[in-house]
Undergrad: 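Got a structure for you, questions after.
The structure presented is a predicted model; accordingly, all values stated were derived computationally and were not measured. Chain letters run A, B, ... following the sequence lines, proteins first, then strands; residues in each count from 1.
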Amino acid sequence: MLAGLVAVGVPILIHLLNKFRVRSTDWGAMKLLLDSVKQDERKVKLDDLILLLLRCAVVVAAVIAFAHPVLKGSANGGEASGPVAAVVLLDNSASMGQTGGALSRFEQAKQEIREWLDALHPRSEVAMILASDSPVPLVAEPIDDAVLLRKALDEAPLSDKGSGLMDSLGMAVDALAATKDRPKEIRIYTDGQRPLLPDPEALRRLAREHPEILIRPILVGAAPAANLGIVSLEASGGIPSPGRLLRIHAKVLNAGPGEAVNVPLEFSLDDGTPAGSLVIPRIAAGSTAEGVIAFSFPAEGPHALTALLPADALLADNQRSLAVEVARRKDVVVVNAGSVTGGFVAKAIAPVAVEEAAKFFLAPLPAEMDELPGLLAQQELPFAVVLCEPQEIPAATADLLDRYLAKGGNLIVFPGAGWQGGDGLLPAALSAPIGEGTPGVTWQGRGLTHPVTRLWNDAANGNLGSVVLMKHFPLDLRAGEALVTLSDGKPGVAIGHRGAGSVVLFAAPLQAEWTNLAIHPAFVPFFQRLLGELDRGAQGGLNLRPGEVFRKILKPEESGKNFTLHLPGQGGERSGGQLAASTEGTVLRCEDTWPLGIYRASVEGEPVAVFTVGLDPEESRLEQIPAADLAEWTTVPREAIAEPVQSRTVVLKDFLPLLLWILVGLALVECGMAYRVTMAR
Amino acid sequence: MNPPEFDLLDPEAVSRGDALGIMARKIVEGYRVGEHRSPFHGFAIEFAQHREYSIGDDTRHLDWKVIGRSDRYYIRQYEQDTNFVTQLVVDGSASMNYGSSKLTKLHFAKVLAACLAHVILLQRDAVALALVDEKVQDYMPRTDSPGSIQQIMERLARFQGSAKTSLGESLLQVSREARKRGITIIISDLLDDEEGLARGLERLTYGGHEVIVFHTLDPHELTFPFDGTWEFRNLEGADRLKISPADFRKTYLKNLEAFTARVRATCEKFQAHYLLVDTGKNLAETLSGYLAFRQKAAR
């Protein structure tokens, strides 16, 4: 369009043509005319020259204004002045809620995006994506509707989600795929948290695969001075029941640069009833420390226990809740209770005097294998089934148990001495027994990490290392983990998840010639803790991360009834609907798990579930990826760029508005001057 | 109101004596000068004698002093004939050859002179003719014979003028030719040496002449209406000037106004009558307007 500058010749051409288009005449009053010319010649020439220059300047200004001149800049520096196609990735993970002053990082990012939009060329097209571990498009395809873009930006919410970038980048690259005629850009507004990009190589690869796209990370705010966050809140011990003490473990991360001392934690139950407090004496920088309190729930039913830290830069991780189903009584079916193992197991389930067994929260129900179909067909399923010394699990029984596990049941297996097979359900395969005639192996006694066994890291609680297996079935893990490890490093107890439930497999029956576990002092507490762990596994669906789906299978008679869901926060929103029956049963389902906090579900006024949504612990780690690293990961080496000059040219700010004003000014001056000259003549 | 044919002045006709004569007569008859007193009559006319009043004489000429002294009614009689002459001076300098239409200033001047000669001779006054440019090119001494009108027309028609001009020198010569005082009518654009004009006027008025100046200018010289780019060729020299006239119009008109003001002032200084004539305007109207003024002044 700058070729239009040739139009500046038009006023000059007109000026010259006028000079050549001459008429002539005889004249008598030459003296009068000569005197007049002498008087005015200089002024007239000056006026004409100024007018000619003004007219040329008007033409030049008009051409330049509409040609949108550009200046070349560095590939990674400067801002585009011509139209671009851009995708804005706005990090709305929970860590963007951190504040260092009046505005949170999220609001700062929005402000910077607004300023960039204001400076953007009006014909640019922009898409917007909320970037997190589950990105959401605000404006899926690039558009040039500035009003819509600003509205979408203004309404963009901060979320409680974890950080993540690669999925968002993939969406951005797809959004730009159709753009052909202008520079492409992806602008990432983020706090640059480490968890944002666990694999920098993935980012490098993407940048190399798309050299035509300028990827520009924009770090919002500096790293905060300090942040403490509750990264986990768990219960350990047995099954929660009214009045029964549980150990509540609260783990706190110190994400700041310095040591944190005397960190207070407050606990509250349900609607805020104080439930205790503790002080963590010292947490080193970058480390976590655990505080433990003992707590008993006062009544059966769904409850939530909340731990609270003092407010700091990131509020979202200063509070975490734990949802717990407190049951009055749970039934445990003991199959083949007449066996040696069955006797010990029944005692471990209800380790109380006979006369108190009826009131105990766990009730062992003796049954035979052929009674299982009837027991598992009941509406109210038992909490767990313990198979004591089966020689095999027949296929029909396996199918039955599989369906039971799918509904959240739990299975514990002590294989019989003549185990023959049918271990398709089990978390490990059993090989032929070994150990006869050897000293045997023992359970691991120290360095225990599993929630069931770590209690015994404290020697005051005993020593699991004195549990001996004179003979055992070697376990080959398939779909589970080792709950107990043997001294030879192999699993001694395997646990795995199947359906909504769990399966636990011991390496030996509870017979004296196989193991001393049944008579070990740790057996009963171990078994109680195992049942508690199975219960927590069942209750694992009660404590979710943002975006995870809550499901609970209710009683069949609840089908068709109205349910209400109360969302977190004072005056929290309510949603609801009607429960419907499905092949699994009557399922209460909630997919919108974005606000952090405690959710309460009720059916026709009766509470049926409490669940919590907690922050991804990684969001508490506010350590920032250095800007130089981000730049290096997103910069494509020149040899990798196929068409570097054209696609990587960065233009400076457009001068159109200024030039238009200059154009108007020149035109006004020219008109005024032409009028003045005309009047003068 | 004059018949419309008197508005048209045909340059070709002006160049032929007979046609010029006819034209002049038509213009003058249109004014009906024949029915009026000569406007050039009664000025600077010498008292000759008394005669006794007869019924019907013009009472304006009663000599009241004599009536007061003698109680008799006597009329003053004046010298009219051979002691009173009107000199017509027509400038034929090159600049007079300019005309924005086909009628030049010189054409106009000839017609005007022809009309004036006609008027004067009809009134049985004497007229002399001086055709001048840098000097008196042709001089016709005074005549009061109506038959000499044809000769006057012929001379006017033949007169072409030259490239040079010196009106002042010409006027000096004319003043020497006119032995008796009378009226001198100058028809010129006066685009000449202003000092020379002043000397000429001074000499004429010193000699007792009444001077009337018809300052004839073309409409374009008066309004300078040119647009675009023009080359002006000097009629009185070889120089040329290429300009955008619109650029200088204002200043030119200002200078023209100053020029005519100076000329008027010069005329007034020497008690000469000044009349600015636009050659684009109707000559009959111009003439009749001036003659009517003269008549009023004569009372």
Side-chain angles (χ1 to χ4, degrees), chain A residues 7-60 666-681, chain B residues 91 93-100 104-106 161 163 165 188-194 215-218 220-260 262-263 279:
Chain A
V8 78
V10 170
I12 297 172
L13 194 63
I14 292 171
H15 179 77
L16 292 173
L17 281 175
N18 280 338
K19 294 285 184 201
F20 285 116
R21 202 166 43 219
V22 181
R23 287 169 285 181
S24 64
T25 181
D26 292 331
W27 186 249
M30 190 56 101
K31 185 171 177 304
L32 275 176
L33 189 56
L34 281 170
D35 288 345
S36 306
V37 169
K38 268 185 205 157
Q39 284 171 28
D40 276 0
E41 189 173 25
R42 203 165 159 188
K43 179 179 170 298
V44 165
K45 276 184 179 169
L46 188 63
D47 280 352
D48 280 348
L49 181 64
I50 291 172
L51 270 176
L52 179 64
L53 288 175
L54 274 173
R55 283 161 186 161
C56 290
V58 165
V59 171
V60 168
L666 285 173
L668 284 173
V669 170
E670 193 273 343
C671 288
M673 209 174 151
Y675 176 77
R676 184 178 72 81
V677 168
T678 304
M679 287 296 104
R681 295 169 190 174
Chain B
D91 180 10
S93 61
S95 61
M96 288 293 287
N97 277 312
Y98 176 74
S100 57
T104 65
K105 287 183 287 185
L106 184 57
T165 182
S188 169
D189 57 10
L190 304 178
L191 292 172
D192 193 359
D193 179 16
E194 289 174 42
H215 190 180
T216 49
L217 290 173
D218 185 86
H220 280 194
E221 288 172 334
L222 289 169
T223 60
F224 206 59
F226 304 94
D227 277 321
T229 304
W230 284 80
E231 183 185 56
F232 294 88
R233 296 187 295 265
N234 189 3
L235 283 168
E236 295 191 354
D239 47 329
R240 295 171 181 232
L241 185 65
K242 189 161 75 175
I243 57 168
S244 295
D247 294 344
F248 305 98
R249 180 178 298 121
K250 191 176 176 184
T251 303
Y252 170 85
L253 293 175
K254 202 167 142 189
N255 286 344
L256 175 70
E257 192 181 334
F259 165 62
T260 56
R262 286 196 303 274
V263 171
T279 61

Undergrad: Side chains of Asp247(B) and Asp48(A), heavy atoms from C-beta outward: is any pair under 4.5 Å?
TA: yes
Undergrad: Using 0.5 Å steps for rounding, measure from the CG atom of Asp193(B) to the NZ atom of Lys31(A).
TA: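 Output value for this atom pair is 9.0 Å.
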Undergrad: Measure the CG-CG distance between Leu256(B) and Leu33(A) for me, rounded to the nearest 0.5 Å.
TA: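 Interatomic distance, Leu256(B) CG to Leu33(A) CG, rounded to 0.5 Å: 11.0 Å.
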Undergrad: Looking at Arg42(A), I want to see if its CZ is surrounded by more than 12 non-hydrogen atoms of other residues, nucleotides or ligands under 6.0 Å.
TA: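 No, CZ of Arg42(A) has 12 or fewer neighbouring heavy atoms, counting only those of other groups under 6.0 Å.
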Undergrad: Which region of Asn97(B), side chain (C-beta onward) or backbone (N, CA, C, O), has a non-hydrogen atom less than 4.5 Å from a non-hydrogen atom of chain A, or is it both or neither?
TA: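 Neither part; nothing is under 4.5 Å.
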Undergrad: Taking C-beta and beyond as the side chain, do Asn255(B) and Gln39(A) meet within less than 4.5 Å on heavy atoms?
TA: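 Asn255(B) reaches Gln39(A) side chain to side chain.
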Undergrad: With a 4.5 angstrom heavy-atom cut-off, could you sort out which part of Leu191(B) is near chain A: side chain, backbone, both or neither?
TA: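 When you check distances to chain A, only side chain atoms of Leu191(B) fall under 4.5 Å.
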Undergrad: So which residue, Trp230(B), Phe226(B), Tyr98(B), Phe224(B), ends up with the most heavy-atom pairs under 4.5 Å with chain A?
TA: Trp230(B)
Undergrad: Please name the pair of heavy atoms, one in Phe248(B) and one in Ser36(A), separated by the smallest distance, quoted to 0.1 Å.
TA: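 Phe248(B) and Ser36(A) have their closest heavy atoms at CD2-O, 4.0 Å.
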Undergrad: Does Glu257(B) have more than 12 heavy atoms from other residues, nucleotides or ligands lying within 6.0 Å of its CD?
TA: no
Undergrad: So, do Thr25(A) and Phe232(B) sit near enough that their side-chain heavy atoms are less than 4.5 Å apart?
TA: yes
Undergrad: Measure the shortest side-chain to side-chain distance between Leu241(B) and Val37(A) over non-hydrogen atoms and say whether it is less than 4.5 angstrom.
TA: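 When only atoms from C-beta onward are counted, Val37(A) and Leu241(B) do touch, with a gap below 4.5 Å.
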Undergrad: Using 0.5 Å steps for rounding, measure from the CG atom of Leu235(B) to the CG atom of Asp26(A).
TA: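 The CG atom of Leu235(B) sits 4.5 Å away from the CG atom of Asp26(A).
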Undergrad: Under 4.5 Å between any side-chain heavy atoms of Asn234(B) and Leu34(A), yes or no?
TA: no
Undergrad: Once rounded to the nearest 0.5 Å, what's the spacing between atom CH2 of Trp27(A) and atom CG of Asp218(B)?
TA: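 These two atoms lie 7.5 Å from each other.
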Undergrad: For the side chain to side chain donor-acceptor pair (under 3.5 Å) test, which of Arg233(B), Lys242(B), Glu231(B) pairs with Ser24(A)?
TA: Arg233(B)
